[in-house]
Amino acid sequence: MKIAHLTFHGSHNYGSVLQAYALSKQLQLMGHQVEILNLRPQSQKDAYRIIRKGDRGLYRLFRYLIYPLLKKRFNHYERFINHVLPTTKKEYASTEELATANLQYDAYVCGGDQIWNPVCQDFETAYYLQFLQPEDTARRISYSPSLGKTDFPEETRAQMSEWVKAFDHISVREPRGAEIIQSLTEKPVCSVCDPVLLLDKKHWEEIAVKPKFKRPYILTYFLENNHGSRSLTEYLKQETGFDVINLNEYIRDFIKPYMKAYSASPEEFVGLFMNASLVYTNSFHGTAFATIFNKPLITAIAVNQKTAQNNNDSRKIDYLNRLGLEQCLYREGLPEVQKVLTMDYSAANEKLESFRSESFNYLTRALQS
């Protein structure tokens with residue numbers, strides 16, 4: 001089949017580009033011809049500029065200070081998006097532009113990231129396939145989109161209900177998201193694994209770039225500056241004797257004697273997880289790659305879950321609970337380092353393989369029926 005894939009492939013975010021790669025790769029492995037519709041609105045491009053209009057004060061100065069590293073990473077992202085991902089040669093700036101493109105595909109697969117979150121900064125109604133005409137007979141499938149939130153205004157829910165009616169097969173990433181979408185449609189809604197989990201360790205090793213660091217290291221990766229405990233990082237460093245490699249360009253970590261990996265490419269990102277001796281992260285995709293490579297893992301979540309219901313904590317908790325790895329969840333205190341370093345992944349690997357198989361079967365059925 002000739003398949004069009006829609007997702008946030010143009011975001012300069014490791015998880016975004018790698019989940020886009022994973023779903024497209026899986027569809028190709030199934031024997032299909034796949035193109036990612038190259039939808040890149042100007043607002044999205046502006047959001048990922050190296051120096052943005054909203055950057056102020058010390059933060060702006062800091063980004064100028066490390067500009068060469070950020071520029072190198074920017075170029076890595078653009079290379080990956082335009083030359084590794086199977087994107088269409090034509091770039092589209094809006095849903096309206098897609099509607100006039102006279103596209104000819106056998107199926108459209110919307111998948112991954114918060115593409116079904118109407119208040120997300122990258123949102124376009126195209127991710128609900130609103131550029132297609134009613135008479136278009138192509139299959140309309142969702143694979144693992146996320147809503148990103150657990151509550152929406154009633155008028156937004158009504159609009160989402162209209163949008164999902166056009167889909168032939170519906171799946172989302174989180175169980176709570178499945179409940180919400182199920183309340184908006186009479187069609188069955190499945191909960192499936194994130195696209196990065198569709199590919200096994202062997203496939204990720206094929207694109208990974210091995211880091212130059214020779215000593216054992218703790219890899220730290222945080223999506224928000226207030227979720228990582230710097231005291232815990234220091235504690236882990238002292239207890240293990242490992243180096244620390246930091247993937248994030250936070251000002252308060254810059255003066256620390258940590259290895260910096262600010263300019264890492266997506267392939268180097270995978271390689272850093274593949275070779276880590278310990279992973280400390282608050283990222284879902286960081287958590288996912290740590291489990292794919294069976295790495296000792298500490299996943300930070302908020303202490304007060306009532307205030308965390310609409311952030312990424314719920315999906316990390318759901319995922320690790322599903323694998324029986326709830327001991328990896330870190331709220332506060334100091335974990336037993338030796339227990340972390342000797343984690344047993346044997347049962348978790350079986351559960352992950354089962355989750356992967358269920359998700360693959362959904363995708364296969366959706367494309368065949």
Side-chain angles (χ1 to χ4, degrees), residues 3-24 26-27 34-41 43-45 47-48 81 85-88 91-99 103 105 107-132 139-150 152 156-157 159-174 176-178 180-181 184-185 189-198 223 284-285 288 310-312 314-315 359 362-363 366:
I3 298 175
H5 175 197
L6 287 95
T7 188
F8 289 157
H9 71 286
S11 301
H12 283 205
N13 173 284
Y14 293 116
S16 292
V17 296
L18 290 170
Q19 64 82 23
Y21 169 84
L23 183 51
S24 293
Q26 182 59 66
L27 291 168
V34 185
E35 291 183 326
I36 295 177
L37 291 183
N38 204 2
L39 175 60
R40 302 189 71 183
S43 59
Q44 184 188 74
K45 292 182 177 181
Y48 295 103
I81 290 165
L85 297 181
T87 49
T88 57
E91 187 176 290
Y92 301 94
S94 65
T95 302
E96 292 72 24
E97 195 172 331
L98 280 171
L103 302 173
Y105 292 94
Y108 293 84
V109 179
C110 304
D113 269 0
Q114 294 185 35
I115 61 171
W116 276 12
N117 180 357
V119 298
C120 184
Q121 68 173 2
D122 295 348
F123 180 72
E124 286 273 336
T125 58
Y127 299 113
Y128 282 92
L129 299 181
Q130 290 303 291
F131 58 89
L132 294 179
R139 291 185 183 126
R140 306 180 190 201
I141 300 164
S142 74
Y143 181 85
S144 190
S146 174
L147 304 181
K149 298 179 60 176
T150 57
F152 294 96
T156 303
R157 289 172 62 91
Q159 186 66 79
M160 291 164 65
S161 179
E162 286 299 313
W163 291 337
V164 298
K165 285 178 181 177
F167 282 79
D168 299 302
H169 297 274
I170 304 172
S171 71
V172 294
R173 188 169 60 193
E174 292 89 27
R176 178 59 180 141
I180 294 171
I181 295 297
L184 304 179
T185 178
V189 179
C190 300
S191 176
V192 294
C193 69
D194 186 272
V196 303
L197 299 169
L198 281 174
L223 294 183
F284 171 80
H285 283 113
N310 284 330
N311 69 12
N312 290 326
S314 62
R315 58 175 168 150
S359 303
Y362 161 80
L363 192 56

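For the pair His285/Val196, a side-chain contact is recorded, criterion being any heavy-atom separation below 4.5 Å from C-beta on. Residues Ser144 and Pro195 are in side-chain contact: their nearest non-hydrogen atoms beyond the backbone lie under 4.5 Å apart. Residues Thr185 and Phe167 are not in side-chain contact: their nearest non-hydrogen atoms beyond the backbone lie 4.5 Å or more apart. Two residues are said to be in side-chain contact when any heavy atoms from C-beta on lie closer than 4.5 Å; Glu124 and Leu98 fail this criterion. A heavy-atom distance below 4.5 Å is found between the side chains of Tyr143 and Leu198. Between Leu184 and Val189 the shortest side-chain heavy-atom distance does not fall below 4.5 Å. Within the 4.5 Å cutoff, no side-chain heavy atoms of Thr7 are placed close to those of Leu23. In this structure, the side chains of Met160 and Tyr128 come closer than 4.5 Å at one or more pairs of heavy atoms.
Glu96 is linked by a salt bridge (charged side-chain N to carboxylate O under 4.0 Å, His left out) to nothing, counting only residues two or more places apart in sequence or in another chain.
Asp113 and Ser11 share no side-chain donor-acceptor pair at under 3.5 Å. The closest side-chain donor-acceptor pair between Glu174 and Ser146 falls under 3.5 angstrom. Side-chain N/O atoms of Glu35 and Tyr105 include a donor and acceptor closer than 3.5 Å.
Between Tyr127 and Trp116, the distance separating the two ring centers is not shorter than 6.0 angstrom.
Here the closest heavy-atom approach between residue Cys190 and residue Ala178 is recorded as O-CB, 4.4 Å. In this structure, Phe152 and Leu147 approach most closely via the heavy-atom pair CZ-O, 3.7 Å. The two atoms that bring Leu85 and Val17 nearest to each other are CD2-O, 3.9 Å, heavy atoms only.
In this structure, Asp168 contributes its side chain and Ile141 its backbone to no donor-acceptor pair below 3.5 Å. A donor-acceptor pair under 3.5 Å is absent between the side-chain atoms of Ser16 and the main chain of His9, judged by distance alone. Side-chain N or O atoms of Thr88 include none that pairs as donor or acceptor with a backbone N or O of Leu37 at under 3.5 Å. Between the side chain of Ser359 and the backbone N or O of Val192 there is no donor-acceptor pair closer than 3.5 Å.
The distance from atom CH2 of Trp163 to atom CD1 of Ile181, rounded to the nearest 0.5 Å, is 10.5 Å. Separating the CG atom in Leu39 from the CG atom in Leu6 is a distance of 7.0 Å, to the nearest 0.5 Å.
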